[in-house]
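By convention here, the first residue in the shown sequence is residue 1.
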Amino acid sequence: MSRSESAVGTTRSVYDVIWSRFLDGSYTSGERLREAALAEELGVSRTPVREALGRMLAEGLVSPVARGVVVAGLDHDAMRRLFEFRRDLEGFSAALTADRVRAGLIAPVWFKDLDQAADDFADAVNRGDSAAATTSNMLFHGLIVEASGNEFLADAHRRAIARLAVSTALNLEHTEWALEAGRQHDLIAKALTDGDAETARELAEAHIHGASRVFDGL
């Protein structure tokens, strides 16, 4: 591997690590991301960290401040628009995935992974572990979108949930909603397993609409 190829790989690895922290609730809106501290923690030079943060800046995940960047925040109206976008995106993705299930295009391991993500979410909620619940929740939704077979939907979803995660982690600390979300996951998974595109779409859209209403009430 050439030096340039190695540098690209290192930058991508750093980006993936930082991005995963957006999803699991490790970062919150307005939190400063310090280049030197991240480089030391990840055992890399400051260059790949700077490049990864530069990519995140271009994607709107972070905002520039004096001598660095902070995790980007969204005002309430912007969050509502993002929820609406995610509702339509996930509903469409669920319908596409159900169609692919009915056509026999989904590998058996996918169903096991989806059920496991749903079970892990329910277990985390019952334990009161909001961080683990956030991680398994994002995995559940990501599996559905990725199985749609549309890479553009998957890319858009990846960016949307990263923006939402830093502002909506508290949703899963709302116990009543978190328990209901777990029940909804099971219904969505069943509709997908049955290859029922219409029901899968309706349930997925209702699920995100419910999350939006909880956010409005926080």
Side-chain angles (χ1 to χ4, degrees), residues 7-8 10-42 44-93 130-142 144-146 151-174 177-178 181 207-218:
V8 169
T10 301
T11 299
R12 184 178 298 115
S13 297
V14 169
Y15 176 92
D16 288 343
V17 169
I18 298 174
W19 182 79
S20 70
R21 295 176 180 178
F22 277 77
L23 297 187
D24 66 14
S26 296
Y27 293 146
T28 57
S29 177
E31 182 173 347
R32 182 182 289 273
L33 301 185
R34 301 182 184 279
E35 187 179 294
L38 283 168
E40 181 177 358
E41 177 189 358
L42 300 177
V44 298
S45 71
R46 294 177 64 164
T47 298
V49 174
R50 185 179 305 117
E51 291 173 347
L53 292 178
R55 177 180 169 189
M56 290 184 159
L57 182 62
E59 294 176 343
L61 296 176
V62 298
S63 301
V65 294
R67 298 186 299 278
V69 298
V70 297
V71 175
L74 296 171
D75 62 29
H76 200 87
D77 287 343
M79 287 293 294
R80 184 173 295 169
R81 292 193 298 274
L82 193 53
F83 266 117
E84 291 172 351
F85 172 71
R86 186 182 170 197
R87 179 198 62 206
D88 292 343
L89 186 155
E90 293 210 20
F92 183 41
S93 297
S130 59
T134 297
T135 299
S136 54
N137 182 56
M138 294 304 178
L139 176 59
F140 178 85
H141 290 280
I144 295 171
V145 177
E146 289 167 10
E151 69 274 24
F152 301 106
L153 285 175
D155 181 63
H157 182 258
R158 187 175 187 270
R159 297 188 187 198
I161 60 173
R163 298 295 299 276
L164 281 168
V166 299
S167 300
T168 59
L170 288 176
N171 267 22
L172 296 181
E173 294 180 5
H174 190 295
W177 161 247
H207 180 63
I208 302 304
H209 179 64
S212 175
R213 294 188 65 180
V214 172
F215 174 75
D216 279 338
L218 289 176

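Within the 3.5 Å criterion, the main-chain N or O of S130 finds a donor-acceptor partner in the side chain of T134.
The aromatic rings of F215 and H76 sit parallel to each other, their planes meeting at less than 30°, with 60° as the upper class boundary.
By the salt bridge (Lys or Arg N to Asp or Glu O under 4.0 Å) test, D16 is found to be paired with R158, residues two or more places apart in sequence or in another chain being considered. Taking R50 as the reference, E35 meet the salt bridge (Lys or Arg N to Asp or Glu O under 4.0 Å) condition, with sequence neighbours excluded. Scored by the salt bridge (Lys or Arg N to Asp or Glu O under 4.0 Å) test, D88 finds no partners at all (sequence neighbours excluded). A search for side chain to side chain contact (heavy atoms under 4.5 Å, CB included) contacts involving S20 returns nothing, not counting sequence neighbours. Contacts of S136 classified as side chain to side chain contact (heavy atoms under 4.5 Å, CB included), with partners at least two apart in sequence or in another chain: D120, F121. Shown here are the side chain to side chain contact (heavy atoms under 4.5 Å, CB included) partners of L57, two or more places apart in sequence or in another chain: V62, P64. In terms of the salt bridge (Lys or Arg N to Asp or Glu O under 4.0 Å) criterion, R87 has no residue partners (sequence neighbours excluded). In terms of the side chain to side chain donor-acceptor pair (under 3.5 Å) criterion, residue partners of R80 (sequence neighbours excluded) are, by chain and number, D216. The side chain to side chain donor-acceptor pair (under 3.5 Å) test applied to S26 returns D24, not counting sequence neighbours.
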Go through L33 and V49 one step at a time and tell me if the side chain to side chain contact (heavy atoms under 4.5 Å, CB included) criterion holds.
CA-CA 10 Å; L33 301 185; V49 174; over 6 Å; no

Cut-off 3.5 Å, no hydrogens considered: what does the side-chain donor-acceptor table look like for residues 65-75, sequence neighbours left out?
unit_1	atom_1	unit_2	atom_2	d
D75	OD1	D77	N	3.3
D75	OD1	A78	N	2.7

